[in-house]
Asks: 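Sharing a structure, written as structure tokens. Questions coming.
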Amino acid sequence: VGVATGAAAVKIDTSLTGVRKTVDGTEEQYRQLKESAIEFSKTNAVSADQILDIQALGAQLGFSIDELDEFSRVVSGLDIATDMNAEQAATELAQFANIVKMSHADVSRYGSIVNLGNNLATTESSVSSMGQRIAAASNQVGMSTPDILGWSGAMSSLGIEAEAGGTAFSNTVASIDKAVATGGDALDSFASIAGMSADQFAQSWRTSATDTMLALLKGTNSAENMTVALESMGVTGIRQTDVLKRLAGNTDLVSQALQVSNDGWRENTALQDEVNNRNDSMAAKLEILQNKVIAVAEDIGTPLVNAATD
């Protein structure tokens with residue numbers, strides 16, 4: 001029994017050491033992180049040492065010690081409830097937050113990708129990967145974070161791969177933004193397809209790039225020849241043409257994805273609901289039971305190990 005309890009204590013302490021190495025904090029802060037990880041493991045199908053490992057990764061990715069508990073809960077939830085593993089979820093969440101300058105207070109809202117996975121023909125990992133690739137260009141033209149994730153959900157649900165879709169979408173919004181800034185024939189072409197004057201299009205773009213992009217896609221779909229319409233806007237590449245044709249032909253789906261994303265972002269409940277559902281499974285209940293046993297073993301084992309090594 002002593003060996004088993006000691007082993008449990010050592011495993012958790014080793015993971016806590018990883019946190020110590022990656023972020024500065026007080027002993028009280030480290031103790032609170034450890035206790036929070038153990039308590040969380042008693043109600044969720046993730047072990048305390050895994051949670052602490054996620055916290056160490058979060059620290060490496062730029063989260064402060066006061067933000068690590070929330071970060072680890074969100075990432076653990078994505079690991080439990082989606083097709084993303086903890087490392088992918090942690091890395092892509094942190095990098096996306098950096099790109100769009102998302103407040104670390106909003107990390108739980110990133111879990112709204114679960115809403116997209118549940119309501120569209122896509123997966124959370126596909127949405128996340130696409131989001132990373134379109135984040136910079138989309139953020140540059142003023143798209144909101146939930147809109148960026150909504151566009152990502154729409155494209156991934158249309159079978160568009162992240163690399164191709166990210167490049168095509170980013171090039172398109174950058175071209176439109178340049179046309180709005182410089183005017184001339186390029187702006188006239190975009191405006192004509194969208195059914196607006198050049199001034200109306202420019203004002204619309206500055207007000208809402210998402211709404212203007214939707215109008216442009218609807219105009220493209222209504223054109224007599226979609227290929228000719230795209231060419232008039234300077235779109236000639238095979239990948240970019242394919243992506244825009246898929247989006248233009250499915251603007252109802254795009255609108256749905258944007259609505260689902262914004263609703264999920266505002267409500268901020270989809271991830272926790274899915275985690276609760278997964279934790280009700282027999283496999284999860286057994287894992288939680290094991291975590292509770294480990295928590296008791298750690299409580300006994302820590303003083304035993306300390307006494308043996310004094």
Asks: Scan Lys245, Arg239, Arg246 and name whichever one has a salt bridge (Lys or Arg N to Asp or Glu O under 4.0 Å) with Asp242.
Replies: Arg246
Asks: Quick one: which of Thr172, Leu244, Thr220 gives a side-chain contact (heavy atoms from CB on, under 4.5 Å) with Met233?
Replies: Thr220
Asks: Would you say Ser138's side chain and Ala135's backbone share a donor-acceptor pair under 3.5 angstrom?
Replies: no
Asks: Could you grab the distance from atom CD1 of Ile294 to atom CG of Leu289, nearest 0.5 Å is fine?
Replies: 10.0 Å
Asks: Has Asp106 got a side-chain atom pairing as donor or acceptor with Arg109's backbone, closer than 3.5 angstrom?
Replies: no
Asks: State, yes or no, whether a side-chain contact exists between Ser76 and Phe40 at a heavy-atom distance under 4.5 Å.
Replies: yes
Asks: Between Ser41 and Ile38 (side chain of the first, backbone of the second, donor and acceptor by atom type, cut-off under 3.5 Å), is there such a pair?
Replies: yes
Asks: In plain terms, say whether Arg278 and Glu274 are close enough for a salt bridge, that is, a side-chain N and a carboxylate O under 4.0 Å apart.
Replies: yes
Asks: Heavy atoms, side chains only, cut-off 4.5 Å: are Phe169 and Ser152 in contact?
Replies: no
Asks: Sequence neighbours left out, what pairs pass side-chain hydrogen bond (donor to acceptor under 3.5 Å, both in side chains) with at least one residue falling in residues 52-65?
Replies: Ser15-Asp53, Gln55-Ser72, Ser64-Glu67
Asks: Does the pair Leu57 and Val75 meet the rule for a side chain to side chain contact (heavy atoms under 4.5 Å, CB included), with working shown?
Replies: CA-CA 10 Å; Leu57 181 55; Val75 171; over 6 Å; no
Asks: Before accepting this row, confirm whether a basic side-chain N of the pair Glu28/Arg31 lies closer than 4.0 Å to the acidic partner's carboxylate O.
Replies: yes
Asks: Going by heavy atoms in the side chains, are Glu70 and Ser108 under 4.5 Å from each other?
Replies: yes
Asks: Give a yes or no on this: more than 12 heavy atoms of other residues, nucleotides or ligands lie within 6.0 Å of atom CD of Gln140.
Replies: no
Asks: Okay, side chain of Ser170, backbone of Thr167: is any donor-acceptor separation there less than 3.5 Å?
Replies: no
Asks: Honestly curious: do Tyr30 and Ile54 fall in one hydrophobic cluster under the side-chain, below-4.5 Å linking rule?
Replies: yes
Asks: With rounding to the nearest 0.5 angstrom, report the CG to CD distance, Leu271 to Glu124.
Replies: 9.0 Å
Asks: So, Asn276 side chain and Gln272 main chain: donor-acceptor pair closer than 3.5 Å or not?
Replies: yes
Asks: Considering all heavy atoms of both residues, which atom of Val23 and which atom of Ala59 are nearest to each other, and what is their separation?
Replies: CB-CB, 3.7 Å
Asks: Please name the pair of heavy atoms, one in Asp188 and one in Ala198, separated by the smallest distance, quoted to 0.1 Å.
Replies: OD1-CB, 3.5 Å
Asks: Specify the closest pair of heavy atoms between Tyr110 and Trp265, including all atoms of both residues, with the distance to one decimal.
Replies: N-CZ3, 4.0 Å
Asks: Dump the intermediate steps for side chain to side chain contact (heavy atoms under 4.5 Å, CB included) on Thr251 and Asn221, then the final yes or no.
Replies: CA-CA 9 Å; Thr251 53; Asn221 190 52; 5.6 Å; no
Asks: Do you see a donor-acceptor pair shorter than 3.5 Å between the side chains of Ser36 and Arg73?
Replies: yes
Asks: Looking at every heavy atom in both Ser112 and Leu149, which two are closest together, and how far apart are they?
Replies: OG-CD1, 4.1 Å
Asks: Listed by chain and number, what are the side-chain hydrogen bond (donor to acceptor under 3.5 Å, both in side chains) partners of Asn85, not counting sequence neighbours?
Replies: none
Asks: Does the Ser189 side chain pair with the main chain of Ser232, one donor and one acceptor, at a distance under 3.5 Å?
Replies: yes
Asks: Would you call the rings of Phe201 and Phe190 parallel, tilted or perpendicular, taking 30° and 60° as the class edges?
Replies: parallel
Asks: In this structure, are over 12 heavy atoms from other groups packed under 6.0 Å from Glu35 atom CD?
Replies: yes
Asks: What residues form a side-chain hydrogen bond (donor to acceptor under 3.5 Å, both in side chains) with Thr91, not counting sequence neighbours?
Replies: none
Asks: Any sub-3.5 Å donor-acceptor pair from Thr182's side-chain atoms to Lys178's backbone N or O?
Replies: yes
Asks: Are side-chain heavy atoms of Ser129 and Glu92 found at a separation under 4.5 Å?
Replies: yes
Asks: Taking atom types as modelled, find out whether Asn279 and Glu287 have a side-chain donor-acceptor pair closer than 3.5 angstrom.
Replies: no
Asks: Quick check: do Leu258 and Asp147 have side-chain heavy atoms less than 4.5 Å from each other?
Replies: yes
Asks: In this structure, are over 12 heavy atoms from other groups packed under 6.0 Å from Asp24 atom CG?
Replies: no
Asks: Side-chain contact test, heavy atoms from C-beta onward, threshold under 4.5 Å: evaluate it for Asp252 versus Gln256 and give yes or no.
Replies: no
Asks: For the CG atom on Asp185, are there more than 12 heavy atoms of other groups (residues, nucleotides or ligands in this structure) within a distance under 6.0 Å?
Replies: no
Asks: Between atom CG of Asn115 and atom CG of Asp263, what is the distance when rounded to the nearest 0.5 Å?
Replies: 7.5 Å
Asks: Out of curiosity, Leu187 CG to Met196 CE, how far, rounded to the nearest 0.5 Å?
Replies: 11.0 Å
Asks: Kindly compute the distance separating CG (Asp66) from CD (Gln29), expressed to the nearest 0.5 Å.
Replies: 5.5 Å
Asks: Determine whether Leu116 and Leu253 fall in the same hydrophobic cluster, where Ile, Leu, Val, Met, Phe, Trp and Tyr are linked whenever their side-chain heavy atoms lie under 4.5 Å apart.
Replies: yes
Asks: Could you tell me if the side chain of Met155 sits less than 4.5 Å from the side chain of Thr122, heavy atoms only?
Replies: no
Asks: Evaluate Ile80 against Asn44 for side chain to side chain contact (heavy atoms under 4.5 Å, CB included), listing each step before the verdict.
Replies: CA-CA 8 Å; Ile80 292 168; Asn44 293 272; 4.1 Å; yes
Asks: Could you check Leu230 against Gln240 for side chain to side chain contact (heavy atoms under 4.5 Å, CB included), going step by step and ending with a plain yes or no?
Replies: CA-CA 9 Å; Leu230 290 170; Gln240 191 175 7; over 6 Å; no
Asks: Shared ILVMFWY cluster between Val141 and Val180, side chains joined below 4.5 angstrom?
Replies: yes
Asks: Whether the Ser126 and Ser156 side chains hold a donor-acceptor pair (N or O, under 3.5 Å, no angle test) is what I'd like checked.
Replies: no
Asks: List the atom of Met130, the atom of Glu161, and the distance in Å for their closest heavy-atom pair.
Replies: CE-O, 3.7 Å
Asks: Would you please test Glu39 and Lys42 for salt bridge (charged side-chain N to carboxylate O under 4.0 Å, His left out) and show each step?
Replies: CA-CA 5 Å; Glu39 286 304 309; Lys42 292 178 182 178; 2.9 Å; yes
Asks: In terms of the angle between their ring planes, are Phe63 and His104 parallel, tilted or perpendicular, with boundaries placed at 30° and 60°?
Replies: parallel
Asks: Could you check whether Asp199 and Ser197, counting side-chain N and O atoms only, form a donor-acceptor pair closer than 3.5 Å?
Replies: no
Asks: Please give me the minimum heavy-atom distance between Ala270 and Val114, naming the atom from each residue.
Replies: O-CG1, 3.8 Å
Asks: Under 4.5 Å between side-chain heavy atoms, hopping through other hydrophobics if needed: is there a path connecting Leu214 to Met143?
Replies: yes
Asks: Is the CD atom of Glu87 crowded by more than 12 outside heavy atoms at less than 6.0 Å?
Replies: no
Asks: State the CG-CD1 distance between Leu120 and Ile113, to the nearest 0.5 angstrom.
Replies: 12.5 Å
